[in-house]
Visitor: 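For reference, the structure I am asking about is given below.
As the structure is a computational prediction, the values presented were derived from the model and not from experiment. One is the number of the first residue; the rest follow in order along the sequence.
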Amino acid sequence: QVQFKESGGGSVQAGGSLTLSCAASINGASRYLCLGWFRQAPGKEREGVARLYRLTGNTYYADSVKGRFTISRINDENALYLQMDSLKPEDTAIYYCAADYSDLLDCGSDSWSPHSSWGQGTQVTVSS
């Protein structure tokens, strides 16, 4: 089973930026169709942040991060990125990546629940 490893988290002040990276453990992961980032804040459920459908490049964002976060990938790499700008204290959470073979319809749904294992995540802390 593919394992994902997130990195790039850290502590920043409000208004700052971070770029998260996600690497997959095996080359076959580059064929996943729907790729996404989730986050979980203390005492809260995990929530979707951003998704990307590999074949069309369609991207989807949670309302809370629209205009501030950008999900991207580089062709032929097993890596997924999340550029986070204008960070707010409410963005503080552990961030996770995930991917599976969901089609465009499922990937475009805010209720997309990936059929993949979860990595350790990377901590993002934003201070005011």
Visitor: Nearest 0.5 Å, please: how far is OH in Y101 from OG in S116?
Guide: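 It comes to 11.0 Å.
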Visitor: Nearest 0.5 Å, please: how far is CZ in R39 from CZ in R46?
Guide: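 Between atom CZ of R46 and atom CZ of R39 there are 13.5 Å.
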Visitor: When rounded to the nearest 0.5 angstrom, what is the spacing between SG in C34 and CG in N58?
Guide: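 One gets 10.0 Å once the value is rounded to the nearest 0.5 Å.
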Visitor: With salt bridge (charged side-chain N to carboxylate O under 4.0 Å, His left out) as the rule and sequence neighbours excluded, what pairs involving residues 100-125 come up?
Guide: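 Passing the test, one end in residues 100-125: R51-D110.
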Visitor: How many angstroms lie between OG1 in T70 and CG in L52, if you round to the nearest 0.5 Å?
Guide: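 Between T70 OG1 and L52 CG, I get 11.0 Å after rounding to 0.5 Å.
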Visitor: Going through the checks in order, is the side chain to side chain contact (heavy atoms under 4.5 Å, CB included) test met by V126 and E90?
Guide: CA-CA 8 Å; V126 185; E90 51 263 43; over 6 Å; no
Visitor: If the test is side chain to side chain contact (heavy atoms under 4.5 Å, CB included), which one of L20, I74, I71 qualifies with L80?
Guide: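 Exactly one option meets the side chain to side chain contact (heavy atoms under 4.5 Å, CB included) with L80, and it is I71.
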Visitor: Please say yes or no: joined through hydrophobic side-chain contacts below 4.5 Å, possibly via intermediate residues, are V49 and W118 part of one cluster?
Guide: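 Different hydrophobic clusters.
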Visitor: Looking only at atom types and distance, does a side-chain atom of W37 sit under 3.5 Å from a main-chain N or O of Y81, one as donor and one as acceptor?
Guide: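 Side chain of W37 to backbone of Y81, a donor-acceptor pair under 3.5 Å: yes, one is there.
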Visitor: Within this structure, what is the SG-NZ distance for the pair C97 and K5, rounded to the nearest 0.5 Å?
Guide: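 Reported to 0.5 Å precision, the distance equals 10.5 Å.
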Visitor: Distance-only, no hydrogens or angles: does the E6 side chain make a donor-acceptor pair with backbone N or O of Y96 under 3.5 Å?
Guide: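 No, E6 side chain to Y96 backbone: no donor-acceptor pair under 3.5 Å.
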Visitor: For Q83, is there any backbone N or O sitting under 3.5 Å from a side-chain donor or acceptor partner on T19?
Guide: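 No; judged by distance alone, with no hydrogens or angles, the pair does not exist.
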Visitor: Fit a plane to each ring of F69 and Y95, take the angle between them on a 0 to 90° scale, and name the class: parallel (under 30°), tilted (30 to 60°) or perpendicular (over 60°).
Guide: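 Taking Y95 first and then F69, their aromatic rings sit tilted (interplane angle of 30° to 60°).
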Visitor: What pairs with L55 under side-chain contact (heavy atoms from CB on, under 4.5 Å), at least two apart in sequence or on another chain?
Guide: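 L55 satisfies side-chain contact (heavy atoms from CB on, under 4.5 Å) with L33, Y53 only.
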Visitor: Assess the pair W112 and Y60: is the distance between their ring centroids shorter than 6.0 Å?
Guide: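 Not close enough - the centres of the two rings lie 6.0 Å or further apart.
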Visitor: What's the spacing between T59 OG1 and K66 NZ if we round to 0.5 Å?
Guide: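 Rounded to the nearest 0.5 Å, the OG1-NZ separation comes to 10.0 Å.
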Visitor: R68: what forms a salt bridge (charged side-chain N to carboxylate O under 4.0 Å, His left out) with it, not counting sequence neighbours?
Guide: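 For R68, the residues satisfying salt bridge (charged side-chain N to carboxylate O under 4.0 Å, His left out) (neighbours in sequence not counted) are D91.
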Visitor: Please tell me whether Q13 and S127 have a donor and an acceptor in their side chains that are separated by less than 3.5 angstrom.
Guide: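 Checked: Q13/S127 side chains show no N/O donor-acceptor pair below 3.5 Å.
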